[in-house]
Amino acid sequence: MEATVQRPTWIQRLHEWRVNHISEKMFMIILALIVGFFAAVAAFILHWIINQIVLLLTSQFDRTGANWLYLVYPVVGIYLTSLFVRYIVKDNISHGITRILYAISSNKSRLKSHNCWSSVIASAITIGFGGSVGAEAPIVLTGSAIGSNLGQLFHLDRKMLLTLVGCGAAGAIAGIFKAPIAGLVFTLEVLMIDMTMTALLPILVSCVTATCFTYIFSGDAALFTFHLDSEWSVERIPACILLGIACGLISLYFIRMMGACEDMFSRFKDYPYVRLAIGGTILSLLIFLFPALYGEGYSSINLLLNGRTETDWNHILDNSLFSGQGSLVIIYIALVLFTKVLATSATNGGGGCGGTFAPSLFIGCFTGFLFARLWNINQIGVYVPEKNFALLGMAGVMSGVMHAPLTGIFLIAELTGGYVMFMPLMIVSVCAYLTIIIFEPHSIYGSRLAKQGKLLTHHTDHAVLTLMNLDSVIERDFLSVSPDMELGQIVHKISRSHTSVLPVLDAAGKLLGEIDIAKIRNVLFRIELYHHFTASQLMVEPKAVLTDAMPMADVMQTFDQTGANWLPVFDAENHLKGYISRQRIYTMYRKMVADMSED
């Protein structure tokens with residue numbers, strides 16, 4: 001865990017002045033405004049760097065045929081990123097949003113100071129050189145890290161620190177997409193920060209601030225442009241429902257395939273050049289065959305959203321071996337759809353840095369367009385506009401992958417000004433979410449932490465158990481006895497013990513059993529028996545044993561099942577680490593529930 005940020009003298013003076021002149025609520029508003037501003041700056045800088053790199057590398061490419069440099073650029077980008085991470089950052093900065101969730105649940109919302117800038121540089125290199133990932137997760141991590149470190153600088157408490165982390169994340173989303181409502185909803189659904197009145201206003205301020213400054217930096221243009229093809233009608237409800245189900249299934253494919261690829265690359269975590277060779281080779285070949293996979297892929301999304309004729313949509317084949325062969329556009333889109341997840345996994349697995357936010361939008365757009373095209377070709381019911389359904393698909397896959405239907409609805413509506421599509425957006429997003437939760441109870445971000453029992457949720461009981469630190473309740477100041485120690489000596493140990501049990505250890509420190517003081521009362525004060533009993537005769541087996549890596553929910557369940565007052569805790573090497581008291585753990589639980597219940 002990183003040490004608390006040390007405050008310079010001027011910060012100390014500022015803090016003292018603030019305490020005397022500014023209320024806590026007003027101070028949080030000021031900090032939220034600052035966090036929102038810097039989140040917008042970080043988002044602008046990252047996208048500017050990416051655009052400059054892409055322009056430099058690809059401006060001379062031939063649009064009518066294949067470009068061999070697609071085989072080179074992605075490998076160079078991954079290699080440069082891995083060198084930057086290994087020799088400058090010297091820390092793992094992948095899975096940005098997962099890292100935020102971990103910090104919230106297990107590290108008191110504390111993020112490392114380098115997260116304020118390292119993800120921006122690493123992801124800019126990766127994406128600019130063609131890495132098939134998104135810039136959103138790195139920016140969200142950057143914004144949250146800015147909020148976290150600003151809070152640590154002023155030594156704010158856990159609740160205020162958590163709110164600033166939410167401000168950073170919400171500001172990042174709002175700034176990137178010029179979508180303040182989506183930024184607010186994102187913190188609720190994905191980061192699972194409870195929207196009490198204490199937290200709501202600062203997060204809103206951060207969202208609005210980030211959005212306003214993004215308009216100042218980059219003008220009025222939206223990230224995606226969209227013009228409604230035709231008004232939505234009730235006759236298209238069956239198509240919307242089926243699209244939602246299709247998006248849910250594609251989301252399932254996305255999550256499962258990402259997990260499988262991550263497991264494959266994790267086998268080579270100690271061999272970075274093997275990972276680079278595997279990831280770089282896969283990514284380069286895929287981008288060479290399907291140039292639409294290059295970078296974030298937003299140009300391809302805009303092409304599908306704004307095309308009006310077959311000629312317009314056939315431009316998706318530009319720069320590839322399929323250029324000019326419009327009859328293959330459906331096959332090409334299907335192949336890009338299913339290989340995008342492989343390209344994203346290869347980018348991160350090979351040593352690159354980026355998120356899955358943009359890939360989910362990309363896959364959703366291609367899914368919606370392909371669904372509508374196949375629907376119309378087979379003349380299934382009423383005609384559905386391809387570009388409209390491409391937009392709906394973006395909301396559907398995002399809702400499924402992130403388990404965040406509200407984020408999908410509001411983000412796509414704000415991104416494109418497509419509020420006239422609000423009803424079909426809701427239908428597709430809800431259907432996608434209801435489909436994915438049948439198979440996957442957690443989002444792509446939360447699944448890794450859920451496996452470790454470290455995922456924070458809105459369920460108060462589960463949230464408290466996740467936030468509780470097992471290590472902090474272990475009683476390490478215990479006295480042990482040897483198996484041949486006589487009762488007289490044991491009584492002397494009991495008089496100095498802080499626990500009601502004494503572990504019996506052999507010469508190697510292995511736990512043989514324990515002496516429960518309550519169970520030897522009948523002989524405890526009979527002096528004539530002090531030389532007749534030894535520890536091995538008085539000890540019993542523990543009712544259960546715990547490990548220091550055990551989730552707190554399992555610890556509480558073990559106490560409930562056994563009825564024990566004390567249970568031993570072992571470390572990873574099976575050495576006795578200490579004891580946990582039932583009374584102490586329940587006292588801490590009740591206190592944390594009370595703290596979380598305060599508004």
Side-chain angles (χ1 to χ4, degrees), residues 1 102 105-107 266-267 269-270 449-454 465-589:
M1 184 185 301
Y102 177 80
S105 65
S106 303
N107 204 22
S266 67
R267 299 173 190 170
K269 62 181 179 181
D270 297 325
L449 294 179
K451 292 177 183 176
Q452 305 171 29
K454 296 178 180 178
L465 292 176
T466 302
L467 289 170
M468 287 178 70
N469 186 354
L470 177 64
D471 200 59
S472 66
V473 293
I474 297 177
E475 176 62 63
R476 293 176 173 81
D477 187 18
F478 62 89
L479 297 176
S480 63
V481 299
S482 59
D484 57 352
M485 182 177 289
E486 293 184 342
L487 178 58
Q489 296 172 294
I490 294 173
V491 172
H492 182 65
K493 288 267 189 179
I494 291 173
S495 67
R496 296 184 292 116
S497 176
H498 297 292
T499 65
S500 63
V501 293
L502 295 177
V504 182
L505 308 178
D506 63 14
K510 181 181 178 182
L511 181 67
L512 302 176
E514 61 185 22
I515 296 176
D516 188 338
I517 297 174
K519 293 182 179 179
I520 61 169
R521 287 176 183 169
N522 58 326
V523 298
L524 197 58
F525 301 107
R526 297 181 63 181
I527 299 176
E528 70 275 12
L529 300 177
Y530 277 11
H531 297 290
H532 288 76
F533 289 100
T534 61
S536 59
Q537 294 172 297
L538 299 172
M539 70 181 185
V540 295
E541 286 191 11
K543 292 183 177 180
V545 294
L546 308 173
T547 64
D548 57 3
M550 186 177 288
M552 190 60 75
D554 293 346
V555 173
M556 297 285 273
Q557 186 178 17
T558 303
F559 271 107
D560 288 340
Q561 291 174 345
T562 61
N565 292 318
W566 292 84
L567 287 175
V569 183
F570 290 87
D571 60 20
E573 298 176 353
N574 209 30
H575 294 147
L576 183 63
K577 194 171 184 177
Y579 273 81
I580 289 183
S581 163
R582 179 192 187 95
Q583 180 180 359
R584 184 176 181 183
I585 203 171
Y586 274 86
T587 299
M588 176 182 282
Y589 173 83

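Put simply, CD1 on Ile515 and OG on Ser536 are 9.0 Å apart, with the number rounded to the nearest 0.5 Å. Distance check, rounded to the nearest 0.5 Å: NZ of Lys577 to CG of Asp548 gives 4.0 Å. With rounding to the nearest 0.5 angstrom, the NZ atom of Lys543 is 13.0 Å from the CD atom of Glu541. Atom CH2 of Trp566 is separated from atom CD1 of Ile580 by 10.0 Å, given to the nearest 0.5 angstrom. With rounding to the nearest 0.5 angstrom, the NZ atom of Lys493 is 8.0 Å from the OG atom of Ser482. Taken to the nearest 0.5 Å, the CD atom of Gln557 stands 10.0 Å off from the CE atom of Met550.
Heavy atoms only, all atoms of each residue included: Glu514 and Pro568 are closest at OE1-CD, 4.2 Å. The two atoms that bring Gln537 and Phe533 nearest to each other are OE1-CA, 3.3 Å, heavy atoms only. Residues Tyr579 and Pro503 share a closest heavy-atom pair of OH-CB, 3.6 Å. In plain terms, the two heavy atoms of Leu576 and Phe570 that are nearest each other are N-CD2, 3.7 Å. Nearest heavy atoms, Met485 versus Val481: SD-CG1, 3.7 Å. Summarising the geometry of Leu567 relative to Ala544, their closest heavy-atom pair is CD2-O, 3.3 Å, with the distance given to 0.1 Å.
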Does the pair Ile585 and Met556 meet the rule for a side-chain contact (heavy atoms from CB on, under 4.5 Å), with working shown?
CA-CA 8 Å; Ile585 203 171; Met556 297 285 273; 4.0 Å; yes
Go through the steps to decide whether Leu511 and Leu505 satisfy the test side-chain contact (heavy atoms from CB on, under 4.5 Å), and finish with yes or no.
CA-CA 5 Å; Leu511 181 67; Leu505 308 178; 3.8 Å; yes
Can you check side-chain contact (heavy atoms from CB on, under 4.5 Å) on Arg582 and Asp560, steps first, answer last?
CA-CA 9 Å; Arg582 179 192 187 95; Asp560 288 340; 3.8 Å; yes
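Between Ile490 and the options Thr534, Val504, Leu502, a side chain to side chain contact (heavy atoms under 4.5 Å, CB included) holds for only Leu502.
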